[in-house]
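If you're wondering where the values come from, they're calculated on a predicted model, not measured in any experiment. Keep in mind that the numbers below use all heavy atoms, side chains included, and drop hydrogens, waters and symmetry copies.
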Amino acid sequence: MNIFRLAGDMTHLASVIVLLLKIHTIKSCAGVSLKTQELYALVFATRYLDIFTDYISFYNTVMKLIFLGSSFSIVWYIRHHKIVRRSYDKDQDTFRHLFLVLPCLLLALVINEKFTFKEVMWAFSLYLEAVAILPQLILLQRTRNIDNLTGQYVLLLGAYRALYILNWIYRYFTEVHYVHWITWISGLVQTLLYADFFYYYFQSWKNNVKLELPA
């Protein structure tokens with residue numbers, strides 16, 4: 001554990017809290033992509049297969065449970081909550097997210113650290129997480145109606161991954177034989193996908209105008 005890893009985890013946790021705050025208190029999921037949330041639920045379900053078999057630390061277990069529980073809760077809210085589901089924009093959230101799953105799975109079967117079920121699923125979760133934000137970004141481009149909480153949620157998600165890159169750089173220079181190419185490349189791709197959003201977010205903040213993404 002180092003300051004960059006901790007900051008990344010807390011930023012990731014903050015993104016979940018912001019999204020749950022919007023859904024639970026405002027009773028709205030407007031601007032939120034169900035497709036992205038379903039992909040994240042699959043990411044955590046396949047990444048944390050070891051949660052009940054390999055104990056690392058209390059902190060690690062709690063964080064895994066939080067991300068598993070929150071991701072499936074968000075999906076449930078958008079799909080089934082009698083009030084929240086009314087605000088879901090199904091007509092705009094049309095990205096065929098399942099077409100991301102198969103290529104990521106095939107890539108994981110070919111490129112992994114060890115050809116075991118857990119390791120393949122771990123690699124799959126990394127590849128899928130790298131592109132899971134795409135339906136959300138496309139939805140925001142289509143609607144061009146980004147409220148503050150949704151904007152903050154996406155910003156925090158991007159910041160979490162950027163902080164993890166700093167964590168990897170720190171560990172590379174402080175730990176012997178710390179090399180994880182799959183994690184590094186997936187994380188870099190994921191961060192680059194946020195670059196356009198970051199640019200327009202900070203432009204809107206600097207000019208004190210409403211955030212809008214180009215169509």
Side-chain angles (χ1 to χ4, degrees), residues 4-5 8-9 11-13 15-16 19 32-54 56 60 63-72 74-75 78 93-141 153-172 175 177-198:
F4 301 114
R5 165 72 184 277
D9 285 348
T11 304
H12 195 185
L13 180 60
S15 72
V16 172
L19 185 54
V32 177
S33 169
L34 172 62
K35 308 298 181 65
T36 282
Q37 298 308 316
E38 289 176 338
L39 291 176
Y40 278 132
L42 183 56
V43 164
F44 297 131
T46 52
R47 180 172 302 170
Y48 300 148
L49 291 172
D50 63 346
I51 190 169
F52 297 114
T53 58
D54 302 321
I56 298 174
N60 182 270
M63 293 300 282
K64 287 178 178 179
L65 288 172
I66 288 174
F67 291 124
L68 276 168
S70 61
S71 61
F72 282 95
I74 291 167
V75 170
I78 298 175
D93 191 24
T94 57
F95 188 97
R96 297 188 177 183
H97 61 321
L98 295 180
F99 287 139
L100 295 175
V101 175
L102 184 57
C104 290
L105 180 58
L106 292 175
L107 186 60
L109 288 169
V110 175
I111 304 176
N112 51 72
E113 293 192 352
K114 188 186 295 184
F115 195 72
T116 64
F117 179 72
K118 281 186 180 180
E119 289 298 321
V120 169
M121 288 296 97
W122 177 80
F124 166 71
S125 75
L126 290 175
Y127 299 143
L128 188 59
E129 186 183 15
V131 295
I133 195 63
L134 279 173
Q136 178 65 67
L137 293 176
I138 291 172
L139 175 62
L140 294 182
Q141 284 183 321
Y153 164 69
V154 177
L155 179 72
L156 288 167
L157 269 183
Y160 133 71
R161 183 48 69 185
L163 286 165
Y164 255 64
I165 290 178
L166 295 178
N167 161 58
W168 298 331
I169 294 172
Y170 175 84
R171 293 184 65 182
Y172 178 79
E175 298 180 19
H177 306 305
Y178 179 71
V179 178
H180 292 286
W181 287 109
I182 293 176
T183 305
W184 295 350
I185 294 173
S186 298
L188 181 60
V189 169
Q190 185 179 354
T191 306
L192 288 174
L193 288 177
Y194 286 91
D196 196 51
F197 178 85
F198 284 161

| Criterion side chain to side chain contact (heavy atoms under 4.5 Å, CB included) on V32 and Y153, from CA distance to verdict | CA-CA 10 Å; V32 177; Y153 164 69; 5.6 Å; no
| request: Test side chain to side chain contact (heavy atoms under 4.5 Å, CB included) on L137 and Q141 and set out the steps. | output: CA-CA 6 Å; L137 293 176; Q141 284 183 321; 5.7 Å; no
| query | Stepwise, does the side chain to side chain contact (heavy atoms under 4.5 Å, CB included) test hold for I51 with L68? | reply | CA-CA 10 Å; I51 190 169; L68 276 168; 4.1 Å; yes
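Note: F44 and Y48 have parallel aromatic rings, judged against thresholds of 30 and 60 degrees for the angle between ring planes.
What you find for Y40 and A132 is that their closest heavy atoms are CE2-CB, 3.9 Å. Between K35 and F95 the shortest heavy-atom distance is NZ-O, 3.2 Å.
Counting heavy atoms from C-beta on, the side chains of I133 and F197 never come closer than 4.5 Å. Here the side chains of F117 and L49 are in contact, with some heavy-atom distance below 4.5 Å.
Looking at residues two or more places apart in sequence or on another chain, you find a side chain to side chain contact (heavy atoms under 4.5 Å, CB included) between N112 and F115, V120, A123. With sequence neighbours excluded, the residues forming a side-chain hydrogen bond (donor to acceptor under 3.5 Å, both in side chains) with S125 are R47, listed by chain and number. Residues that satisfy the side-chain hydrogen bond (donor to acceptor under 3.5 Å, both in side chains) test with D196, not counting sequence neighbours, are absent from this structure.
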Under 3.5 Å, which donor-acceptor pairs link side chains of residues 181-193 to any protein atom two or more places apart or in another chain?
residue: S186; atom: OG; partner: I182; partner atom: O; Å: 2.8
residue: Q190; atom: OE1; partner: R161; partner atom: NE; Å: 3.0
residue: T191; atom: OG1; partner: G187; partner atom: O; Å: 2.8

All N/O donor-acceptor pairs, side-chain side in residues 97-111, below 3.5 Å, sequence neighbours left out:
residue: H97; atom: NE2; partner: E38; partner atom: OE1; Å: 2.8

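Heavy atoms from other residues, nucleotides or ligands lying under 6.0 Å from OH of Y170 number 12 at most.
Interatomic distance, OH of Y178 versus CD1 of I169, reported as 10.5 Å (0.5 Å rounding). Rounding to the nearest 0.5 angstrom, the gap separating the CH2 atom in W168 from the CG atom in L163 is 11.0 Å. The distance from atom CD1 of I66 to atom OG of S71, rounded to the nearest 0.5 Å, is 11.5 Å. Taken to the nearest 0.5 Å, the CH2 atom of W122 stands 8.0 Å off from the OH atom of Y127. To the nearest 0.5 Å, the span separating OG on S33 from CG on L39 amounts to 7.5 Å. Atom CG in L13 sits 5.0 Å away from atom CE in M63 (nearest 0.5 Å).
Between H12 and F67, the ring centre distance stays below 6.0 Å.
In this structure, Q37 contributes its side chain and V75 its backbone to no donor-acceptor pair below 3.5 Å. A donor-acceptor pair under 3.5 Å is formed between the side chain of T36 and the backbone N or O of Q136.
For residues 101-124, the pairs satisfying salt bridge (Lys or Arg N to Asp or Glu O under 4.0 Å) are D54-K118, with sequence neighbours left out.
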